[in-house]
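Every number for a ligand or one of its atoms is a count from 1 in the order of the listing.
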Amino acid sequence: MVAIAQNLQAVRETIVAAAQAHGRAPGSVALLAVSKTFGPEAVLAAVRAGQRRFGENYLQEALDKMASVQAEMAGSLPGEVLEWHFIGPIQSNKTRQIAENFDWVHTVDRLKVAQRLSEQRPEHLPPLNVCIQVNISGEDSKSGVAPEACLALARAVACTPRLRLRGLMAIPAPADGLEQQRVPYRCLRELADRLRADGLELDTLSMGMSADMEAAIAEGATMVRVGTALFGRRVAAG
Ligand SMILES: *Cc1c(COP(=O)(O)O)cnc(C)c1O
């Protein structure tokens with residue numbers, strides 16, 4: 001658990017260095033700690049080291065973990081509030097629990113899912129923050145809306161009453177080297193610029209993971225999603 005605090009410090013330093021190297025304000029890049037496959041004790045170690053935003057991919061695992069973390073924090077860290085982000089593929093029969101339990105969803109890629117999340121977002125909660133996932137590398141196996149279909153989907157999502165469209169998200173095909181890694185992230189940024197020119201108010205580019213944080217930050221990431229560099233290698237599936 002000492003390692004998690006040290007890793008967190010190292011990742012924060014990487015983010016600041018990348019921001020400075022590419023002319024960005026260091027405070028303009030938020031860190032989402034991706035805790036999938038790790039238990040509540042890993043989340044709590046990160047919380048004690050000052051981390052507040054967590055990303056999860058698997059719904060049931062996430063709900064169990066959130067309950068344990070909340071119970072533990074009620075005793076040891078009263079008053080601290082965490083922000084939970086759903087970043088996994090969404091099955092439409094799971095939208096209710098996602099709408100009820102998360103603050104953000106990064107993986108909206110079809111209107112049916114957006115409409116269900118909006119309808120199912122509880123009245124007592126603020127609108128659900130969402131990003132549209134874009135299949136930026138055009139891979140058959142990846143989820144995400146095709147870039148050419150993104151504007152129409154974004155307009156429709158922006159009209160749902162209980163969602164707040166924040167921006168775009170992508171998981172590009174792995175690439176080696178900073179320049180190659182920057183290419184898909186540049187495409188995502190340019191796509192977001194086109195949506196803004198169309199009148200959509202977007203403030204989020206959710207892009208960059210352990211292996212390509214710098215490339216994403218160079219291209220304008222406002223939120224990097226980092227798992228391995230914080231918690232170590234995942235042994236379970238995913
Ligand atoms: C697992 C995952 C991450 C974190 O990846 P690392 O390479 O471990 O940093 C980021 N985003 C998504 C959508 C993920 O599923």
Just checking, is any N or O donor in the side chain of E214 or H22 under 3.5 Å from an acceptor N or O on the other one?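 Yes, H22 and E214 have a side-chain donor paired with an acceptor closer than 3.5 Å.
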Whether the E56 and S35 side chains hold a donor-acceptor pair (N or O, under 3.5 Å, no angle test) is what I'd like checked.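 Note: E56 and S35 side chains meet the donor-acceptor criterion.
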Can you list the ligand 1 atoms lying under 4.0 Å from a non-hydrogen atom of [X]?
X	value
R225	4 (C), 9 (O), 10 (C), 11 (N), 12 (C), 13 (C)
N57	14 (C), 15 (O)
V226	9 (O)
I87	11 (N), 12 (C), 13 (C), 14 (C)
M169	13 (C)
T228	6 (P), 7 (O), 8 (O), 9 (O)
I171	13 (C)

Closest to atom 2 (C) of ligand 1 by heavy-atom distance, out of M209, R233, K36, is K36
Report yes or no: does a heavy atom of R234 sit under 4.0 Å from some atom of ligand 1? yes
Would G227 count as a polar contact of ligand 1, with the cut-off being nitrogen or oxygen pairs under 3.5 Å? yes
Is there a donor-acceptor contact under 3.5 Å from the side chain of [X] to the main chain of [Y]?
X	Y	value
D109	S143	no
R52	V47	yes
D212	M209	yes

Name the orientation class of the two ring planes belonging to F86 and F102 (parallel below 30°, tilted from 30 to 60°, perpendicular beyond 60°). perpendicular
Check R53 with E83, please: is the shortest side-chain N to carboxylate O separation under 4.0 Å? yes
